[in-house]
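What you see is a predicted model, and the numbers here were worked out from it, not measured in a lab.
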There are 2 protein chains.
Amino acid sequence: MTLSEEDYIKAIYHLGKGMEQAVSTNSIAEQMDTKPSSVTDMLKKLSEKDLVFYKKYKGVLLTETGRLSALSIIRKHRLWEVFLVDKLDFAWDEVHEVAEQLEHIKSEKLIDKLDAYLGNPKVDPHGDPIPSKDGEFKKSVKRLVTELPIGSQGICVGVNDSSVAFLKFLDKNNISLGDTLEILDKEDFDGSLSIRIKGKEMRISEQIGSNLFLEVLEKD
Amino acid sequence: MTLSEEDYIKAIYHLGKGMEQAVSTNSIAEQMDTKPSSVTDMLKKLSEKDLVFYKKYKGVLLTETGRLSALSIIRKHRLWEVFLVDKLDFAWDEVHEVAEQLEHIKSEKLIDKLDAYLGNPKVDPHGDPIPSKDGEFKKSVKRLVTELPIGSQGICVGVNDSSVAFLKFLDKNNISLGDTLEILDKEDFDGSLSIRIKGKEMRISEQIGSNLFLEVLEKD
DNA sequence: ACAAATATTTAGTTTTGTCTAAAAATTTAT
DNA sequence: ATAAATTTTTAGACAAAACTAAATATTTGT
Ligand SMILES: [Mn+2]
Ligand SMILES: [Mn+2]
Ligand SMILES: [Mn+2]
Ligand SMILES: [Mn+2]
């Protein structure tokens, strides 16, 4: 597969949420910042290669081969993102563009070794799951800290309350988006939570917990 | 610069030993495993972009811009090779193909951070020098261990005597091509040498030393 | 049901990088 | 110095991936 074909397959995967829904020509064009006519040309080629089912005017669906190809590219993308953040000290919001290039490097051995070197991570720096070599992965969902059971672990991806006061609180307590957060305990009395973040344990009120979103892997 | 242009510039650099000699169309074609007519086409384009001086039938020379571009690509290639060997545990003779792809990733920040992460290495796993960001580097040369002064450090890149006996000796003493070797001391009496290899100190006879080639950086 | 709006495809170009076959320049050998 | 051998360039094509403009299909609103 060429670099361009890989990017199309990945876009179709994301737009169709795997193989759930057919994806329209225009949505692909928008996602990839190109023209619908270019998309049509490419869909014919991908169909020729049996990576997608394509019916004129009816949108496109990945084949099983296409789905596995997409997952392989997504696996590479997310492993490289982990490398950039964990080893090279990139910020979580700086890695996408570089990973967009690195995901196309062809070498199975490289990805196997990179995976091992990173400690076989299950999620990328944005909390998104990393598919295994054979395309298995758990879905991830966005949840408020207070909605999660003790023992949950996830990545801070957003706030409910974006007031200055709340953002200042987070800043003061050294909590940033992209941080890994683990729920250690919950206090029945006042709903406060004991958490570990950046290796440090701390206690937060229910009010804080109900305004902070975590990206977590779904159970089974 | 496109991936293909970068590969041509690098080939011209290597064939012309920097900017020393003009490089022929056919030699480039051979090096890049392509046809002379394709090379001619590309030379016109590179000349248009002022990366090379090109005179029909007279070969091609890098411009200063071309030379700096070549060094930048070589820097990336060699830094990635160090990464693959030092961090991902590739063997020194397995890294070239992958580095050939990785060298084209575009991100100055990535290379700066990779360089720092690797500890600003001065040579790659083959003993070849890694140019600095601004294109400075020492030349490297191949020397017999016995020809080098105390304190020299280099990478084992070849043998003079390729007899089974000698190769078995190296194997038995756990000396492999690609290993870093440092000369700690020389004994006047019998010419034997004290060396450090893979962190371990050992003593070798003059006969051994005069049959093992090291790639070392030239003094100044 | 039909016209208008929207989505998609087709037709015809362009750019990049490659190729083969033929022509032209240069080098080598007599 | 000239013919033969070699190197290099030109001419003409092709495949990949993009684009614009025009044609066609589908969907929406009345
Ligand atoms: Mn990409
Ligand atoms: Mn990600
Ligand atoms: Mn390359
Ligand atoms: Mn090397």
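Looking at A:Glu103, A:Gln101, A:His104 one by one, the single match for side-chain hydrogen bond (donor to acceptor under 3.5 Å, both in side chains) with A:His77 turns out to be A:Glu103.
Of the side-chain N and O atoms in B:Lys44, one or more sit less than 4.0 angstrom from OP1 or OP2 of D:dT10. Considering only side-chain N and O atoms, A:Tyr8 lies under 4.0 angstrom from the phosphate OP1 or OP2 of D:dA18. Using a 4.0 Å cut-off, no side-chain N or O of A:Tyr57 falls inside it from OP1 or OP2 of C:dT6. In this model, the phosphate group of C:dC19 is approached by a side-chain N or O of B:Thr34 to a distance below 4.0 Å at OP1 or OP2. The side chain of B:Lys58 contributes no N or O atom lying less than 4.0 Å from OP1 or OP2 of D:dT8. Residue B:Ser4 has no polar side-chain atom (N or O) positioned under 4.0 Å from OP1 or OP2 of C:dT16. Side-chain N/O atoms of A:Asn26 include none lying less than 4.0 angstrom from OP1 or OP2 on C:dT6. In terms of phosphate contacts, A:Lys35 brings no side-chain nitrogen or oxygen within less than 4.0 Å of OP1 or OP2 of C:dT9. Between A:Ser38 and D:dC19 there is a side-chain polar atom (N or O) within less than 4.0 angstrom of OP1 or OP2.
Rounded to an integer number of Å, the gap from NZ of A:Lys56 to C1' of D:dA23 is 12 Å. At whole-Å resolution of the value, CE in A:Met32 and C1' in D:dC19 are 15 Å apart. One interatomic measurement links the two molecules: CG of B:Asp41 to C1' of C:dT15, which rounds to 13 Å at whole-angstrom precision. The distance from atom NZ of A:Lys55 to atom C1' of D:dT26 is 16 Å, rounded to the nearest whole Å. Computed from coordinates, the A:Glu5 CD to D:dA18 C1' distance equals 14 Å when rounded to whole Å. Between the P atom of D:dA18 and the CD1 atom of A:Ile28 lies a distance of 12 Å, rounded to the nearest Å. Atom pair A:Lys49:NZ and D:dA16:P shows a separation of 7 Å (rounding to whole Å applied). Summarising the geometry, the separation between CD on A:Glu48 and C1' on D:dA15 is reported as 14 Å, rounded to the nearest angstrom.
When all heavy atoms of A:Phe166 and A:Val159 are compared, the pair lying nearest together is CE2-CG1, 3.5 Å.
Put simply, the side chain of A:Ser37 and the base of D:dT20 share a donor and an acceptor less than 3.5 Å apart.
Between B:Trp80 and B:Phe83, the angle of the ring planes goes over 60°, which puts this pair in the perpendicular group of the 30/60° scheme.
Each of B:Tyr54 and A:Asp33 has a nearest nucleotide on DNA chain D; the 5'-most of these lies closest to B:Tyr54.
Residues A:His96 and A:His126 place their aromatic rings such that the two centres sit no closer than 6.0 Å.
Closest to the side chain of B:Thr40, out of D:dT8, C:dT16, C:dT8, is D:dT8.
Listed for the A:Gln31 side chain is no donor-acceptor partner under 3.5 Å among the backbone atoms of A:Leu15.
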